[in-house]
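Ligands are counted one by one from 1 in listed order, and the atoms in each one are counted from 1 as well.
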Amino acid sequence: MRFDILTLFPDFFISPLEQSIIGKAIAKGLIEVHAHNIRDYARGKHRTTDDYPYGGGHGMVMKVEPVTLALEAVKGGGGKVVLTTPQGVPFNHALAEALSKEDRLIIICGRYEGFDERIRGLADLEVSIGDYVLTGGEIPALVIMDAVGRLIPGVLGEPESAVSESYAGGLLEYPQYTRPEEFRGKKVPEVLLSGNHAEIEKWRRAESIKRTYLKRPDLISGEEFTGNDRKIIEELKKSGK
Ligand code: SAM
């Protein structure tokens with residue numbers, strides 16, 4: 001999969017993309033990332049990429065022309081254009097999965113107080129990574145690339161990792177433990193040491209349901225479950241949780 005990033009700060013991406021799993025995926029050629037400097041497409045002696053807002057107000061606004069020219073130069077081979085903005089659709093696992101099916105994503109990073117409204121018209125999709133405002137779209141672009149990139153086949157060492165994780169099946173992941181068996185009086189649950197895989201699976205499923213119901217009740221109502229899953233929810237309700 002190929003990512004093209006339109007940004008005023010291409011160096012922002014150097015170190016994060018050299019590290020760990022995404023760095024290895026790039027080295028293996030599973031992911032390609034090209035950061036393009038929007039300033040290279042700005043005209044005039046000073047290559048200005050921002051200007052004062054019409055109608056007055058504080059801060060500067062990103063100009064439409066350099067972004068349009070950058071996109072035209074980069075988009076030759078097609079691709080889905082994603083605009084980072086706190087006004088976009090919330091980024092979540094389902095969207096990451098949908099985007100991972102694309103061959104190419106072009107991500108536009110805003111800066112300053114925002115961008116000229118006509119830049120919105122260049123995008124296929126506006127994406128927000130949360131209900132807060134960051135100083136620029138570079139961190140959102142990294143978030144999108146990381147979440148989408150790890151879903152590309154071959155990027156994770158074990159493909160099941162992405163399947164059992166939080167959100168993948170609509171539930172949060174069960175608790176995980178590693179050695180030692182006991183640390184400062186806190187023990188690993190017996191069932192995980194039992195070697196009984198059926199019991200371990202049952203325990204993990206129950207823990208996933210419990211934590212999702214308690215931590216993220218917006219994700220499940222409980223009504224969607226049947227059998228043992230439903231019993232877990234009923235018991236939680238009875239206990240007043
Ligand atoms: N004035 C804008 C507003 O109120 O919508 C916010 C501009 S913000 C300071 C500058 C840029 O950072 C945005 O254009 C966008 O590219 C990026 N950005 C900031 N917060 C974001 C978020 N939560 N999700 C995605 N992009 C964000």
Side-chain angles (χ1 to χ4, degrees), residues 1-17 19 22 31 33-43 46-75 79-102 104-152 166-167 215-216 218-219:
M1 176 162 198
R2 176 176 170 143
F3 295 94
D4 287 273
I5 314 295
L6 306 192
T7 171
L8 287 167
F9 298 98
D11 290 353
F12 200 98
F13 296 91
I14 296 172
S15 174
L17 294 176
Q19 314 294 325
I22 296 297
I31 295 176
V33 183
H34 301 268
H36 308 271
N37 194 339
I38 295 169
R39 199 172 298 286
D40 292 343
Y41 299 88
R43 298 189 204 265
H46 300 293
R47 293 190 172 272
T48 313
T49 55
D50 61 326
D51 211 334
Y52 295 98
Y54 277 122
H58 63 100
M60 302 296 273
V61 173
M62 209 160 160
K63 285 160 71 72
V64 63
E65 190 187 35
V67 178
T68 306
L69 294 177
L71 186 60
E72 283 170 359
V74 165
K75 208 185 167 189
K80 195 176 190 82
V81 180
V82 175
L83 180 63
T84 56
T85 161
Q87 301 179 22
V89 295
F91 188 61
N92 59 19
H93 184 77
L95 184 51
E97 259 187 354
L99 293 178
S100 73
K101 309 280 187 292
E102 300 285 334
R104 187 178 182 205
L105 292 181
I106 301 172
I107 306 178
I108 305 175
C109 305
R111 273 274 159 183
Y112 313 120
E113 272 310 302
F115 37 73
D116 185 300
E117 189 64 16
R118 290 165 289 190
I119 289 176
R120 276 188 213 285
L122 304 173
D124 298 310
L125 182 67
E126 295 181 24
V127 174
S128 164
I129 63 156
D131 293 345
Y132 41 77
V133 176
L134 298 163
T135 53
E138 285 74 16
I139 290 171
L142 282 171
V143 168
I144 294 168
M145 280 194 287
D146 193 283
V148 170
R150 66 198 296 289
L151 297 175
I152 306 290
S166 298
Y167 304 109
K215 291 185 176 196
R216 292 294 306 273
D218 54 308
L219 294 178

Do other residues, nucleotides or ligands put more than 12 heavy atoms under 6.0 Å from Asp218 CG?
yes
Say whether Arg111, considering both its backbone and side-chain N or O atoms, lies within less than 3.5 Å of an N or O atom on ligand 1.
no
Residue part near ligand 1, for Gln87, under 4.0 Å between non-hydrogen atoms
side chain
Kindly write out the residues that satisfy side-chain hydrogen bond (donor to acceptor under 3.5 Å, both in side chains) with Arg120, not counting sequence neighbours, or none if the list is empty.
Gln87, Glu117, Glu126
Spell out, as yes or no, whether a donor-acceptor pair under 3.5 Å connects the side chain of Arg47 to the backbone of Ala42.
yes
Min N/O separation Thr135 to ligand 1 under 3.5 Å
no
Tell me, with the steps shown, if Leu8 and Met62 meet side chain to side chain contact (heavy atoms under 4.5 Å, CB included).
CA-CA 10 Å; Leu8 287 167; Met62 209 160 160; 4.3 Å; yes
Winner among Ala141, Gly59, Gly136 once heavy atoms are compared against atom 12 (O) of ligand 1
Gly136
Give the C-alpha distance, both sets of side-chain angles, the deciding distance and a yes or no for side chain to side chain contact (heavy atoms under 4.5 Å, CB included) between Phe3 and Ile107.
CA-CA 7 Å; Phe3 295 94; Ile107 306 178; 4.3 Å; yes
Ranked by distance from atom 10 (C) of ligand 1, the top protein heavy atom is Tyr112 O, 3.5 Å
Atoms in ligand 1 with a heavy atom of Gly137 nearer than 4.0 Å:
12 (O), 16 (O), 17 (C)
For atom 8 (S) of ligand 1, grab the closest protein heavy atom and report residue, atom and distance to one decimal in Å.
Leu134 O, 3.3 Å
N or O pair under 3.5 Å between Pro140 and ligand 1
no
Atoms of ligand 1, numbered as shown, that sit under 4.0 Å from any heavy atom of Val133
6 (C), 8 (S), 9 (C), 20 (N)
Taking only heavy atoms of Thr85 into account, list the atoms of ligand 1 that are under 4.0 Å away from them.
15 (C), 24 (N), 25 (C), 26 (N)
Which residue holds the protein heavy atom closest to atom 24 (N) of ligand 1, what is that atom called, and what is the gap in Å?
Ile129 N, 3.1 Å
How far apart are the C-alpha atoms of Phe13 and Thr7, what are their side-chain angles, what is the distance that settles it, and do they pass the side chain to side chain contact (heavy atoms under 4.5 Å, CB included) test?
CA-CA 10 Å; Phe13 296 91; Thr7 171; 3.8 Å; yes
With respect to atom 27 (C) of ligand 1, which of Gly114, Pro86, Gly88, Pro90 exhibits the smallest heavy-atom separation?
Pro86
Which ligand 1 atoms, with their elements, are less than 4.0 angstrom from a heavy-atom of Phe115?
14 (O)
Heavy atom of Ile108 under 4.0 Å from ligand 1?
no
Just do the side chain to side chain contact (heavy atoms under 4.5 Å, CB included) check on Ile22 and Val33 with the steps written out, would you?
CA-CA 10 Å; Ile22 296 297; Val33 183; 5.8 Å; no
Starting from atom 15 (C) of ligand 1, locate the nearest protein heavy atom and write down its residue, its atom name and how far away it is, to 0.1 Å.
Thr84 O, 3.1 Å
Closest to atom 23 (N) of ligand 1 among protein heavy atoms sits Tyr132 O, 2.8 Å
Given the options Leu6, Ile38, Ile119, Asp4, Leu71 meets side chain to side chain contact (heavy atoms under 4.5 Å, CB included) only with Leu6
Looking at Val81, is its backbone amide N or carbonyl O close enough to the side chain of Asp124 to form a donor-acceptor pair, meaning the two atoms are under 3.5 Å apart?
yes
How long is the span from the NZ atom in Lys101 to the CE atom in Met1, to the nearest 0.5 Å?
10.5 Å
Which atoms of ligand 1 sit under 4.0 Å from any heavy atom of Val127?
25 (C)
Please state which option from Gly130, Cys109, Gly110 has its nearest heavy atom closest to atom 11 (C) of ligand 1.
Gly110
Please check whether Glu113 reaches ligand 1 - meaning an N/O of the residue sits under 3.5 Å from an N/O of the ligand, judged on distance alone.
yes
With a cutoff of 4.0 Å, is Phe91 in contact with ligand 1, counting heavy atoms of the residue only?
no
In a table with atom names and distances, give each donor-acceptor pair under 3.5 Å that connects a side chain of residues 48-60 to protein atoms at least two apart or in another chain.
from: Thr49; atom 1: OG1; to: Tyr112; atom 2: OH; distance (Å): 2.8

Can a donor-acceptor pair be found, under 3.5 Å and without considering hydrogens, that links the side chain of Thr84 to the backbone of Ile108?
yes
